[in-house]
Each structure stands twice: as C-alpha cells, then as structure tokens.
Amino acid sequence: MGTEVSGGGSPVTSAPAVRYDPLEVESKWRSRWAEASPGGLGAGERLPVPGRRKHYALTMFPYPSGDLHIGHWFAMVPADTHARYRRMEGDDVIFPMGFDAFGLPAENAAIRHGVHPYRWTIANMERMRGQLRSMGAAFDWDREVVTCDPAYYRWNQWLFLRLYEKGLAYKKFAPVDFCPKCNTTLAREQVVGVDRSCERCDTPVIRKDLDQWFFRITAYADELLDFSGLQWPERVVTMQRNWIGRSEGVQFAFSIQDRPELRFEVFTTRIDTVYGVSCCVLAPEHPLVEVITTPGQRQAVEAYRAEASRRSEIERLAADRERTGVPTGAMARHPLTGESIPIWVADYVLASYGTGAIMAVPAHDERDFDFARRYGLPVPVVVAPAGYAGGAPTHAHTEPGTMVDSGPYSGLSSEVAIERLADDFEARGLGRRQVNYRLRDWLISRQRYWGTPIPIVYCDACGTVPVPDEQLPVRLPEDARFLPTGESPLKYHESFRNCACPRCGGPAQRETDTMDTFVDSSWYQYRYLSPHCDDRPFDRAAADAWLPVDVYTGGVEHATMHLLYTRFFSKALCDLGLAGFREPMPRLFNQGVILGENSEKMSKSRGNVVNPDDLTARYGVDAVRVYLMFIGPWEAGGPWNPRGIEGPVRLLQRIYRLCGQAATAGSVAAGDGEGRRLRRAVHAAITAVTADLERFAFNTAIASLMTLCNEANGWLDAHPGAWPAEVAELGRVLALLLAPFAPHLASECWEMLGQPGSVHAQSWPQADAELLAQQRIPFVIQVDGRVRDRVEVDADATSDQLRALALESPRVQAATDGRAPVRVVVVPGRLVNVVTRA
RNA sequence: GCCGGGGUGGCGGAACGGCAGACGCGCUCGACUCAAAAUCGAGUGGGGAGACCCGUGAGGGUUCGAAUCCCUCUCCCGGCACCA
C-alpha cells in the first residue's frame with residue numbers, strides 16, 4: 001500500500017503524521033480499473049436494467065483541440081461526480097463521451113502545416129482520450145462517438161435527406177453572412193455582437209448573395225417557445241425566447257395612389273397608431289421601389305440604393321447610425337382615411353423582417369420619430385399620454401394611452417383599440433392578424449472541407465437530385481488540397497465534384513458545401529445509445545428506453561446555437577417518426593467559467609493558463625477534482641486561486657488518516673451517549689452531502705465533509721484507547737461519501753477498511769432519521785428581535801413551555817428592564833421573541 | 001436603450017423570512033522540532049476594558065423579526081440591439 005509513516009508516534013495519541021502519496025495511490029487504482037472495467041458507469045452498450053430507474057447523464061462533448069485544459073476539468077468533473085452519485089443512489093446510469101471532431105481548426109492546421117485534417121484530428125483525440133481518462137471520470141468509452149467518422153456523418157447525410165423530403169431542408173438564393181477569415185458563410189446565430197462578427201474568429205462578417213442550404217427551424221418557432229416542463233436556467237430560456245423574438249401584429253396593404261393594381265404590405269404591432277401614419281417606408285431592396293419611383297426621384301433613389309448596398313457590406317448596421325432615406329415621389333392611399341401618404345425608401349427598414357415595408361408613425365415610434373424629425377415630416381399624435389394637452393411632442397410616446405384623432409376609435413384606450421382595429425381590418429378584408437419571428441432559418445452550408453458533405457447532386461437534365469440512401473456515405477476525398485487562399489478544397493477537387501447523376505446516369509456535379517458542425521452535435525445524444533448501429537442513425541428501442549437526457553451540463557455559450565438546434569432536431573426527428581419525444585434535454589445545468597489568477601479569461605497570450613497536468617503531478621487527480629468543486633458554486637466559476645487547493649489537499653489527507661484509524665476500530669458498538677454523538681455527526685453529513693449533490697451544490701457538499709472530519713478528529717482525540725464500532729462506521733461512511741468526489745482515494749480507503757468489493761459499486765448511505773432527531777436542541781431567546789439568551793430545550797417542548805422559559809430568563813428580564821412584554825412570538829424548534837415595544 | 005443575473009470579512013464563499021459570515025484560503029498565537037516543513041490546537045467582520053453597540057452596495061417600506069419580500073437609486077457581469 002502507498003502508506004508512508006513518518007514520525008512514528010503511537011497511533012492513539014494525537015497527530016500521527018500518517019500521509020498517503022496521491023500519485024502512488026491514484027496510479028494503482030487507475031491500472032486496476034483499466035483491467036477490471038474498461039467502460040465506465042454504464043458498462044456496455046445495452047438497454048436499461050428493468051426495474052431500475054434509468055439515468056442518462058450527458059456533458060457536452062469536446063472539440064479535439066489536442067489539449068485538455070482546466071476548463072474541461074471544471075465542466076466534466078462535477079458532471080462525473082453527479083453521475084457517480086446517481087449510480088450509488090441506485091440509478092442505472094450511462095455517461096457517454098465522444099468528440100465533436102469536425103471543424104475549422106483541423107483545416108487551418110492543414111493549410112498551415114500541411115498535415116491532413118483527419119490525421120491531425122485522430123492524433124489529437126488519441127492524446128485527449130488519455131487526458132480524459134486521467135481525470136478519473138467514469139465515462140462509457142464503449143459508447144464513444146466521433147463525428148468525423150464516416151460511420152457517423154453518413155447519418156448526418158441520411159437525416160439531411162429525410163429533412164429534405166419533408167421540406168425541412170431547402171436551398172435558397174439569399175443575402176447571407178460570410179466570414180472573410182474563415183472563408184465560409186455562417187448561420188445567423190453564429191454572427192455575434194454589435195459589430196456582427198464571426199462567433200469563431202471574431203472577424204466582422206460581410207454580406208453576400210449566395211445559393212445556400214437551410215434547415216427550416218422557423219417551422220418550429222412556436223413550439224420552440226414552449227419551455228414548459230423544462231428545468232433550464234432562466235437566462236437560457238430568456239435568451240432563446242428573445243432570439244426567437246415572436247411578435248403579434250396586423251399585416252395589411254397600402255395601394256399606390258393612381259395605380260390601384262399595385263400594393264405593398266406592411267406589418268405592425270401597433271395597429272392602434274394607424275391614424276398617425278405620416279409616411280410609408282420601403283427597404284432599399286424592396287421590389288416595388290423600382291416600379292413606383294417617379295422619374296423626378298429616380299436618380300436620388302438609385303443613388304441611395306447603391307449606397308445602402310455598399311454600406312451593408314462595410315459598416316452594416318452601426319447601432320446608433322443616423323436614419324437616412326429618400327422619397328420615391330410616389331404616394332400611397334391610407335386604407336382607412338383615403339389620405340395620400342408619401343412613400344420613402346430608407347435602410348432602417350430591413351428587407352429580411354416582416355414584409356420589408358412599414359407604416360411610419362413618428363409620434364409613437366422612436367425610429368420613425370428620428371426619421372420624421374430629420375426630414376421635417378409631420379408628427380400627428382393619435383395616442384395621448386395621461387395629461388396630454390396637445391402640441392408638438394418632443395419624443396415618441398410608445399406607451400399605451402387614450403386614442404385621439406382616430407376616427408371612430410377616438411376615446412378608447414389604445415390597448416382596446418389594438419384589438420378593435422385588428423377585428424375591423426379582418427372583418428373588412430383590409431388585413432389580418434399576423435405573427436412574425438426574429439428567428440431565421442438555419443443556414444447550414446459551409447464552404448469548407450472538414451465537415452459532412454451535403455448529399456446532393458446537380459444534374460443538367462434532372463436538376464437537384466438527392467443522393468440515394470444506398471450510396472451513403474458521400475465520403476470526403478482523402479487527397480484534397482488545402483490552399484492558402486482558403487478556398488473550399490472540395491470545389492476544386494475534380495473527381496469528387498464530377499459524378500454520375502443518380503437518377504439518369506448522366507454527368508452531374510456534387511454539392512461541394514459541407515454542413516455546419518452544429519448539425520453533428522444536434523443528435524449525438526441519440527447516437528451514443530447505439531454507436532455501432534449501421535442500418536439506422538440510432539436504435540429506436542434504445543432511444544425510447546434511455547432518452548431524453550436526464551441531466552445535460554455544459555457552457556452557456558451554446559444557449560442560442562447548439563441548444564436551439566438540438567431542440568429543433570428532436571422535434572423534427574419526432575415528426576419524422578424516428579423518436580417519440582420532443583424535448584431532448586429536460587434538465588440543463590450551466591457551469592461557469594474558470595478565470596486566471598488575475599480574474600481574466602485564461603489564454604496563452606495572457607499567460608494565465610492553469611495546466612491540469614502540472615497540478616495533478618503535484619497534488620494528485622483527486623485533490624484537483626475536489627478543489628474545482630470546492631472553489632464556489634458550479635454555475636458561478638471564478639478566478640483560480642493557486643493557494644486554495646491546500647484546503648482540499650488537507651481534507652483528503654485527513655480522510656485517509658481517519659479511515660486508517662477507523663480500520664483499527666473494534667466491532668462492538670459503544671452504544672452510549674458519546675457513541676451516539678459521533679454517529680449523529682456522521683449521519684448529519686450523509687443528509688447534507690446528499691441534499692447538496694441533488695442540487696449540484698458541490699462546494700457545500702465538500703464543506704460538509706470537512707465539518708465531519710473536524711468533528712471526528714475532535715471525537716477521536718477525546719476518546720483515546722480502543723475505538724468502538726461507531727468509529728468503523730465513520731470510516732465506511734467517509735469512504736462512501738467521498739467516492740463520487742475523489743474516486744481513487746475512496747477506493748483506497750475502502751480497501752484499507754477491509755471492505756469487500758469496490759466502493760463505487762456500493763449503495764449510497766442512508767441517514768438514520770431517528771438518530772438525527774435530538775431530544776435536546778439549542779434554542780434562542782430574543783428580546784425585540786435581538787438575541788439575549790441561548791438555552792437548551794426539549795425538542796418537543798410546547799409553545800407555552802417555551803414562552804414561560806423565555807420570560808423566566810434572567811437575561812431577558814435584564815434586557816426588558818421592567819417593560820411588560822407586549823407580545824411573545826414563539827417559533828417552536830427555533831426561537832422565542834419577546835416584544836416589548838409597540 | 002431593452003432583457004436576464006448579481007453586490008455579504010483581507011480573499012473564495014455559507015445562510016427554508018428566525019443566532020449573518022458555515023466551510024476553506026490567508027493571517028496571528030501556541031504545541032511538536034536543534035531548526036524548518038508537515039501535522040495538531042486556539043483565535044480571526046468593525047468598535048468597545050466590558051455588559052453592549054454597529055454591520056450583507058445606498059435610501060425607503062412590509063414584518064415581532066429582512067442578506068432574504070416590495071419600491072426607488074447605484075455599480076458590476078452576461079445577452080440582445082434599427083425586428084416595426
């Protein structure tokens with residue numbers, strides 16, 4: 001055994017400096033586990049054991065960057081601890097792991113160093129598997145999924161074709177976001193920040209008009225807004241809700257003055273302001289602009305459109321840009337009043353949202369207000385705020401109010417008028433209620449090599465032809481060339497690109513775009529259940545039995561990307577008849593981020609990176625695990641404090657020593673008051689650690705273990721000599737409670753205690769409630785809300801007894817100083833408050 | 001600007017409306033040691049000799065009682081940002 005005894009004092013007197021060597025103990029258990037169970041908690045690909053509650057624990061799989069950093073540890077170790085706890089609790093647990101192995105870094109390495117993305121990725125995964133194992137996590141490696149494996153991406157293609165058949169995958173020519181550094185288009189979700197930059201590399205995106213493949217996520221917009229039944233962090237729900245951006249309003253048409261055959265539609269959420277329209281505004285890209293612009297305005301309008309399109313490519317949408325525009329010269333006819341309304345073109349109206357045209361109501365919309373003021377347009381008030389006395393408004397009034405100058409609607413509250421006008425527009429056939437979403441369809445085309453080829457062929461004769469299932473997978477060619485220009489290698493790979501049309505056999509060309517890697521991660525949790533299944537993406541019986549995921553953990557940065565996409569996939573898979581549930585991850589937990597010592601984000605350039613290998617070489621894996629969980633609430637993250645690890649290091653040494661002492665305890669219980677005192681501490685710890693693990697409060701769970709050690713040490717010091725069986729129980733419980741947190745040391749302790757089997761295969765200890773119910777409890781007596789006395793009382797003392805006890809207390813009498821109690825509040829089991837003032 | 005989440009000792013952080021600061025780091029003192037490290041023990045929010053008083057970003061409110069609930073303000077972090 002790895003025991004090292006220095007000092008050599010009597011084991012009975014205090015402070016025998018018995019220490020264990022973490023490196024030795026950990027290496028011993030690592031090799032034992034490798035022999036005994038190469039898999040993890042789940043032990044093989046199988047269905048849940050009947051009669052046991054299944055538990056699918058999932059932590060977001062890593063990108064194989066080649067190095068496991070402390071952030072991976074922080075994400076995965078608590079997830080492992082929770083999964084291990086659930087298994088000891090009796091659940092049938094699976095806890096799979098794999099690699100999100102497609103993506104740009106591999107291709108960039110190919111361009112820079114000439115190493116093929118496949119080889120680069122495989123080598124990185126090899127290295128990371130070793131690092132992941134060294135973490136001491138009980139991953140089910142026999143379920144491993146690697147997304148760049150043709151055996152995996154084949155099913156991306158298969159699923160793409162099913163979505164295509166359902167109309168949920170389609171190709172469209174549209175203005176799209178393009179990252180000039182990554183040389184590829186991006187989904188709207190992957191463009192972030194005020195300067196609209198690439199989520200991966202931070203480069204501002206530009207706009208291009210391209211033919212691209214989309215997934216019709218908007219078909220599920222309403223269902224995606226339904227978060228009922230999801231135990232998700234509030235902020236993630238909020239972010240998704242905002243991202244989807246549902247708004248209800250009315251869509252209706254304006255006709256062009258003197259050309260009643262021409263009309264354009266507008267969408268508004270404020271139909272109550274329709275009497276306050278002072279102009280209509282079309283987006284520069286609106287098709288009607290060309291048609292209606294009068295000869296006198298043509299030159300100005302063309303110039304404006306040209307400028308707008310150039311601007312959209314350069315500094316598109318600076319947040320607080322001036323709202324500019326030009327009149328088209330054409331007039332529209334107000335559908336209710338018949339008034340002539342000037343039609344303008346302005347690029348603050350987006351072509352991609354709603355109808356690409358609006359009614360401008362300056363008095364009640366801040367953007368329209370700015371626009372009207374700039375061009376001297378009228379600002380008619382139609383919704384009066386409380387106390388409005390007429391006159392020109394100084395700012396837009398966007399709140400509800402009383403309708404004025406609005407024909408038959410005048411006098412109504414604007415909230416009522418919204419409904420009344422919507423009803424009337426619908427009844428008169430002028431327009432209809434309409435729901436719009438900010439959410440756009442998911443652009444999945446990427447002009448990159450290292451992703452799943454989109455299984456589509458273009459034939460001159462047959463047009464767009466899906467690759468038949470039996471021809472899948474469409475494999476990536478191994479001899480692609482990676483050009484420094486960053487152009488798509490597939491596009492210039494003749495033998496990949498040229499192919500026979502699956503339908504007519506004639507010459508045809510493959511689609512050379514690959515899929516967004518977020519497609520891969522949208523259904524990996526299904527594949528883990530039957531990773532070797534080769535005639536379907538996943539086994540239906542396994543999916544029915546194991547899914548949905550019971551606890552999903554990962555970073556919040558995926559709130560409106562991966563987590564939205566995978567919800568979409570689950571709904572689509574359900575509608576395709578492939579699975580029987582609609583929400584993939586009912587319970588989500590976001591861990592925080594570990595920062596450098598200087599509270600900044602860890603990065604090589606900042607020089608504040610904490611290397612887990614250095615730490616484990618010095619303190620051992622268990623200590624690093626425990627420290628990461630002790631550092632604070634998991635969801636908070638926080639700066640790394642290099643000295644803080646000393647606490648967990650001491651805790652582990654104390655537990656080792658306590659278990660060593662417990663191993664010498666006898667088998668006869670003392671059964672007296674002192675024995676009960678020790679047992680009470682042990683069982684209080686069981687209660688606390690259990691409750692904390694249930695709520696992912698790892699930091700306080702570890703604090704409870706520390707408290708138990710402190711109390712146990714005190715007890716042992718106070719009871720020299722031969723120890724009773726209560727001490728043996730202490731040792732067993734310590735090892736059991738420690739097992740999910742520090743699996744190596746817990747195994748060592750269990751063995752040292754002479755217990756059979758593996759500690760990790762034991763049942764979680766149950767607290768003895770009867771033992772914990774104490775007869776005498778500490779009790780607080782307050783006077784006017786301030787603590788004046790503390791006494792010990794019977795736990796079942798009545799309110800009357802407690803009241804009498806309080807009033808008798810000399811300290812209370814001193815504090816009340818002769819004032820008669822006005823009232824006495826008794827909280828049984830807690831305190832009494834004697835109130836002397838009114 | 002809008003929407004979330006926060007502000008508690010020197011530091012990380014605890015605290016079903018009921019003893020604020022659990023637990024740990026650090027620090028101080030002590031034991032062991034020739035010495036140091038390790039280990040063990042005691043102490044550690046501020047003020048006061050003391051009984052006590054003051055303390056959870058600021059101010060107000062509800063309550064017998066507020067870090068916790070409500071209102072106003074302030075600062076910090078995150079998300080969104082012309083979405084009509």
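Throughout, a chain's letter reflects where its sequence line sits, starting with A, and its residues are numbered from 1. Worth knowing before you read on, the calculation uses all heavy atoms, side chains too, and leaves out hydrogens, waters and symmetry mates.
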**OP:** Ignoring the backbone of A/W243, work out which of B/A84, B/A81, B/C64 is nearest its side chain.
**Re:** B/A81
Subject >> Interatomic distance at P, B/C71 relative to B/C77, whole Å >> reply: 24 Å
Original post:
Heavy atoms under 4.0 Å, any strand shown: does A/S704 hit a base, just sugar-phosphate, or nothing?
Top reply: nothing
Subject >> Distance in angstrom units between A/E600 CD and B/C77 P, rounded >> reply: 13 Å
**OP:** Go through the side-chain N and O atoms of A/Y348 and A/D368 and say whether any donor and acceptor fall under 3.5 Å apart.
**Re:** yes
Subject >> Whole-Å gap separating P (B/G24) and CG (A/L651) >> reply: 9 Å
Original post:
Would you call A/R196-A/D177 a salt bridge at under 4.0 Å N-O?
Top reply: yes
**OP:** Could you label the plane-to-plane angle of the A/F252 and A/F254 rings as parallel, tilted or perpendicular, counting under 30° as parallel and over 60° as perpendicular?
**Re:** tilted
**OP:** With heavy atoms under 4.0 Å as the rule, sort A/R695 into base, sugar-phosphate or nothing.
**Re:** sugar-phosphate
**OP:** With C1' as the reference atom in both, quote the distance from B/G55 to B/G21 in angstrom, rounded to an integer.
**Re:** 11 Å
**OP:** Measure from the side chain of A/V825, starting at C-beta and using heavy atoms only, and say which of B/U39, B/C23, B/C64 lies closest.
**Re:** B/C64
Subject >> Partner of A/F371 by side-chain contact (heavy atoms from CB on, under 4.5 Å), out of A/V281, A/D365, A/T324 >> reply: A/V281
**OP:** Assign the ring pair A/F589 / A/W634 to parallel, tilted or perpendicular, where the plane angle (0 to 90°) is split at 30° and 60°.
**Re:** parallel
Subject >> Basic-acidic side-chain contact under 4.0 Å: A/R433, A/E419 >> reply: yes
Original post:
Can you give the dot-bracket line for RNA chain B, using ( ) for pairs inside the strand, [ ] for pairs that cross earlier ones, | for pairs with another strand and . for unpaired bases, where Watson-Crick and G-U count if both distances are under 3.5 Å?
Top reply: (((((((..(((.....[....)))((((((.......))))))(((....)))..(((((..]....))))))))))))....
Subject >> Base orientation of B/G12, syn vs anti, 90° cut from 0 >> reply: anti
Subject >> Residue A/N833, side-chain atoms from C-beta onward, closest of B/A84, B/C64, B/C23 >> reply: B/C64
Original post:
With sugar-phosphate meaning primed atoms plus P, OP1 and OP2, does A/D784 contact a base, only sugar-phosphate, or nothing at under 4.0 Å between heavy atoms?
Top reply: nothing
Subject >> Interatomic distance at C1', B/G4 relative to B/G9, whole Å >> reply: 29 Å
**OP:** Go through the side-chain N and O atoms of A/N436 and A/S247 and say whether any donor and acceptor fall under 3.5 Å apart.
**Re:** no
Subject >> d(CH2, A/W344; C1', B/C82) in whole Å >> reply: 17 Å
Original post:
Rounded to whole angstroms, how far apart are CD1 on A/I702 and P on B/A14?
Top reply: 12 Å
Subject >> C1' atoms of B/G13 and B/G26, separation to the nearest Å >> reply: 14 Å
Subject >> Working for ring-ring contact (aromatic ring centres under 6.0 Å, His included), residues A/W715 and A/H719 >> reply: CA-CA 6 Å; A/W715 195 95; A/H719 298 81; 3.8 Å; yes
Original post:
Which part of the nucleic acid, if any, lies within contact of A/R241, taking any heavy atom under 4.0 Å across all strands shown: a base, the sugar-phosphate backbone alone, or nothing?
Top reply: nothing
Original post:
So what does A/R654 touch, heavy atoms closer than 4.0 Å: a base, only the sugar-phosphate, or nothing?
Top reply: sugar-phosphate
Subject >> 5' priority, RNA chain B, between A/G785 and A/V649 [closest heavy atom] >> reply: A/V649
Original post:
In whole Å, what separates the P atom of B/C64 from that of B/G59?
Top reply: 23 Å
**OP:** Report the residue from A/T268, A/D272, A/T273 that forms a side chain to side chain donor-acceptor pair (under 3.5 Å) with A/R270.
**Re:** A/D272
Original post:
Got a sec? Which of residues 625-635 of chain A come in under 4.0 Å of RNA chain B, heavy atoms?
Top reply: A/F630, A/I631, A/P633
Original post:
Given side chains that start at C-beta, do those of A/F264 and A/V289 come closer than 4.5 Å, heavy atoms only?
Top reply: no
**OP:** Establish, for the pair A/R438 and A/W243, whether the NZ or CZ atom is under 6.0 angstrom from the six-membered ring centre and no further than 45 degrees off its axis.
**Re:** yes
**OP:** Describe the nucleic acid contact of A/R830 in one word from base, sugar-phosphate, nothing, applying a heavy-atom distance below 4.0 Å.
**Re:** base
Subject >> Separation of B/G79 P from A/L563 CG (nearest whole Å) >> reply: 15 Å
**OP:** Rounded off to whole Å, could you give me the CZ-to-C1' distance for the A/F267 and B/A84 pair?
**Re:** 8 Å
Subject >> Side chains of A/E189 and A/W442, donor plus acceptor under 3.5 Å >> reply: no
**OP:** Take atom P in B/G50 and the same atom in B/C40, then report the distance between them in whole Å.
**Re:** 31 Å
**OP:** Take the protein atom CZ of A/R235 and the nucleotide atom P of B/G79, then report the distance between them rounded to whole Å.
**Re:** 10 Å
**OP:** Indicate, with a heavy-atom threshold strictly under 4.0 Å, whether A/D368 touches base, sugar-phosphate, or nothing.
**Re:** nothing
**OP:** With heavy atoms under 4.0 Å as the rule, sort A/R438 into base, sugar-phosphate or nothing.
**Re:** base
**OP:** Pick the C1' atom in B/G17 and in B/A66, then give their distance to the nearest Å.
**Re:** 7 Å
**OP:** Would you classify A/E366 as touching base, sugar-phosphate or nothing, given that sugar-phosphate means primed atoms plus P, OP1 and OP2, and contacts are heavy atoms under 4.0 Å?
**Re:** nothing
Original post:
With a non-hydrogen cut-off below 4.0 angstrom, is A/V787 in contact with a base, only sugar-phosphate, or nothing?
Top reply: sugar-phosphate
**OP:** Check the distance between B/G4's P and A/N590's CG and give it to me in whole angstrom.
**Re:** 18 Å
Original post:
For atom C1', what is the distance between B/A14 and B/G24, given to the nearest Å?
Top reply: 11 Å
